[in-house]
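One structure is given here, and the rest of the page talks about it.
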There are 2 protein chains.
Amino acid sequence: MHENQHSMEPGAERRILEAAAKVFMMKGKLGASMQDIADEAGINRTLLHYYFRNKDKLFDKVFEKLFARALPAMLGIMSSNRPLLERIERFVEAYTILLRENPYLPVFIFQEISLNPERLAGTLREMGINPEQTLLGLRAELEQAGMRGTDPRHILASMMGMVLFPYIGRPLFQTIAFRGEEEAYEKFLSERTKLIPQFFKLALAGAAIQK
Amino acid sequence: MHENQHSMEPGAERRILEAAAKVFMMKGKLGASMQDIADEAGINRTLLHYYFRNKDKLFDKVFEKLFARALPAMLGIMSSNRPLLERIERFVEAYTILLRENPYLPVFIFQEISLNPERLAGTLREMGINPEQTLLGLRAELEQAGMRGTDPRHILASMMGMVLFPYIGRPLFQTIAFRGEEEAYEKFLSERTKLIPQFFKLALAGAAIQK
DNA sequence: GTCTATATGGCGATAGAC
DNA sequence: GTCTATCGCCATATAGAC
């Protein structure tokens with residue numbers, strides 16, 4: 001792509017993207033300046049323009065990358081064909097790992113989509129994600145997996161919320177409910193990995209009793 | 001506060017705050033210009049400065065107002081002394097009403113806190129919220145309310161996540177799981193009002209069986 | 001209190017030397 | 001490919017007339 005005559009630092013583009021991802025996530029799209037990103041990457045500001053033309057294009061690339069990192073885990077649970085409880089376990093594990101490494105990811109993504117919903121359809125198309133088809137699979141599979149009569153999307157939304165909330169609302173929740181203590185909160189997050197699947201298990205058990 | 005010699009449109013300050021809240025929520029703090037807010041309020045741009053001095057101060061006022069609108073419902077469930085399931089029901093109802101009228105509220109608040117966590121402690125203090133005390137009450141009350149041995153904060157986090165996620169992730173979730181259909185999603189949101197408390201009921205029932 | 005006109009600064013973007 | 005210098009815009013903010 002950038003086969004130029006002079007020596008180009010190998011992986012410069014990747015290093016820029018990593019720096020940009022970090023800065024965009026921490027300061028937001030508009031709060032981050034090109035200078036901030038250049039500093040973080042340890043390069044000259046104008047090089048950003050050389051590689052990515054302008055800020056919008058750079059941001060788009062970063063967003064696509066981060067979005068592609070976050071979404072598959074969500075669709076995984078939808079499209080696998082394991083038992084419901086096992087799928088929940090795998091889902092929670094996958095997201096816990098992802099979020100431990102990228103705690104700002106959910107706020108960043110939801111904020112961006114919220115401010116710019118028009119772009120979503122196109123992004124999904126480019127990623128080769130077909131909502132129609134995914135939905136069909138989900139419906140059929142989850143419908144008969146345990147919660148008969150309940151729209152399986154409720155399970156999915158509940159699961160997503162239970163997993164994501166402690167990260168999305170971390171500063172607030174940690175301050176109010178944990179006196180701001182980091183270590184205690186980390187422990188809390190770890191506990192949830194086991195606790196969330198267990199919670200669904202209990203709910204399913206309870207549902208079975210009710211019949 | 002603004003007792004001036006000339007006729008001031010009554011409630012101008014409030015009208016500005018409402019307009020600003022709307023614009024800030026839809027465009028973000030940096031994406032919103034003072035001109036945008038002035039247009040929304042139907043006044044001249046410089047009047048914003050007359051009333052609120054500068055953009056930061058205006059934003060702070062807006063944020064405080066919105067934060068004060070969102071937080072009490074959360075603390076309510078913590079500090080009441082009703083049975084656990086009843087508290088959950090009330091909590092879900094209260095938030096459903098709030099979110100139906102202010103769908104952008106959670107993203108806005110979590111984004112701002114995420115970008116500006118330093119301000120949080122001060123804001124809570126100004127609002128007269130004492131995390132220490134709230135936490136003590138919560139611990140004692142929920143501990144003996146049903147989920148023995150489980151940190152009650154897990155219940156709270158789960159509840160918050162289940163309620164908030166469909167709003168925070170609405171554009172994405174509605175697109176993927178509902179083909180973008182508005183009406184179907186509205187119905188989905190309504191269903192959750194009953195479904196979430198029911199879900200906790202089942203989990204508690206399941207927990208009872210396990211003993 | 002409300003308006004017009006203007007100052008100021010920051011940031012994205014490009015030109016052009018090397 | 002990388003740098004320096006510079007242009008031009010836009011948004012905040014203020015001065016000052018009415």
Side-chain angles (χ1 to χ4, degrees), chain A residues 1-64 108 111-112 115-116 119, chain B residues 1-64 108 111-112 115-116 119:
Chain A
M1 201 184 237
H2 286 292
E3 341 85 30
N4 295 293
Q5 52 273 56
H6 291 61
S7 66
M8 173 185 133
E9 189 158 345
E13 198 162 321
R14 199 181 325 116
R15 270 189 28 245
I16 292 175
L17 282 174
E18 275 169 33
K22 187 173 171 185
V23 176
F24 276 136
M25 278 197 281
M26 288 184 51
K27 298 195 169 192
K29 176 178 181 178
L30 282 68
S33 75
M34 294 295 265
Q35 187 63 59
D36 291 334
I37 296 168
D39 291 346
E40 177 70 30
I43 58 165
N44 188 282
R45 204 173 56 80
T46 52
L47 273 183
L48 296 179
H49 289 93
Y50 175 79
Y51 282 105
F52 297 93
R53 191 139 190 96
N54 61 41
K55 188 181 180 180
D56 271 330
K57 287 195 169 42
L58 172 57
F59 181 82
D60 287 350
K61 276 264 188 294
V62 167
F63 181 77
E64 270 175 44
F108 173 76
Q111 157 80 356
E112 174 55 24
L115 293 183
N116 234 323
R119 199 164 32 185
Chain B
M1 200 182 240
H2 285 292
E3 341 84 30
N4 294 292
Q5 51 272 60
H6 290 61
S7 66
M8 171 186 134
E9 189 157 345
E13 199 162 320
R14 199 181 326 115
R15 269 190 28 246
I16 291 175
L17 282 173
E18 275 169 33
K22 186 173 173 185
V23 176
F24 276 136
M25 278 198 282
M26 288 185 51
K27 298 195 170 191
K29 175 178 180 177
L30 281 69
S33 74
M34 295 294 265
Q35 187 63 59
D36 291 335
I37 296 168
D39 291 347
E40 177 70 31
I43 58 165
N44 188 282
R45 216 190 75 242
T46 52
L47 274 183
L48 297 179
H49 290 92
Y50 176 80
Y51 282 106
F52 297 93
R53 189 133 194 100
N54 61 40
K55 189 181 180 179
D56 270 331
K57 287 196 170 44
L58 172 56
F59 181 82
D60 287 350
K61 275 265 189 296
V62 168
F63 181 76
E64 268 174 47
F108 174 77
Q111 156 81 357
E112 173 55 23
L115 293 183
N116 234 322
R119 200 165 29 185

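Order of the sequence lines fixes the chain letters, A, B, ..., with proteins taken first and strands second; residue numbering starts at 1 for each chain.
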### Task
Starting from P on D:dA11, measure out to CG on A:Leu30 and report it in whole angstrom.
11 Å

### Nearest-nucleotide pick for A:Thr46, side chain only, options being D:dA13, C:dA15, C:dT2
C:dA15

### Task
Please determine, for the side chain of B:Tyr50, which listed nucleotide (C:dC3, D:dC3, C:dT2) has the closest atom?
C:dT2

### Task
Before accepting this row, confirm whether a basic side-chain N of the pair B:Asp56/B:Lys29 lies closer than 4.0 Å to the acidic partner's carboxylate O.
yes

### Query
Under the 3.5 Å rule, do the base of D:dA11 and the side chain of B:Arg45 count as making a donor-acceptor pair?
no

#### Entry: Rounded distance (Å) that lies between atom P of D:dT12 and atom OH of B:Tyr51
19 Å

### Message
Could you check, using the six-membered ring where one of them is a Trp, whether B:Phe59 and B:Phe24 have ring centers closer than 6.0 angstrom?
### Response
yes

### Message
What's the separation between atom CG in B:Leu47 and atom CZ in B:Phe52, rounded to the nearest 0.5 Å?
### Response
11.0 Å

### Message
Can you measure A:Asp39 atom CG to C:dC11 atom C1' for me and round it to whole angstrom units?
### Response
13 Å

### Query
Whole Å only: how far is the CD1 atom of B:Ile37 from the P atom of D:dA11?
12 Å

### Task
Whole angstrom is fine here: how far is it from CZ in A:Phe52 over to P in C:dA13?
14 Å

### Task
Take atom NE2 of A:His49 and atom C1' of D:dT6, then tell me their distance rounded to the nearest Å.
14 Å

### Touch class at under 4.0 angstrom, heavy-atom based, for B:Asn44 against every strand present
base

#### Entry: Distance (rounded to the nearest 0.5 Å) between A:Lys27 NZ and A:Ile37 CD1
9.5 Å

### Task
Give one of base, sugar-phosphate or nothing for A:Ala38, where a contact means two heavy atoms less than 4.0 Å apart.
nothing

### Query
Of all the choices, C:dT2, D:dA13, C:dG12, which nucleotide is nearest to the side chain of A:Met34 once you look at every atom?
C:dG12

### Task
Send over the distance from B:Asp36 CG to D:dA11 P, rounded to a whole Å.
8 Å

### Query
Rounded to the nearest 0.5 Å, what separation is found between the NE2 atom of B:His49 and the OG1 atom of B:Thr46?
8.5 Å

### Task
Starting at atom CG of B:Leu48, determine the distance to atom C1' of C:dC3, rounded to an integer number of angstrom.
13 Å

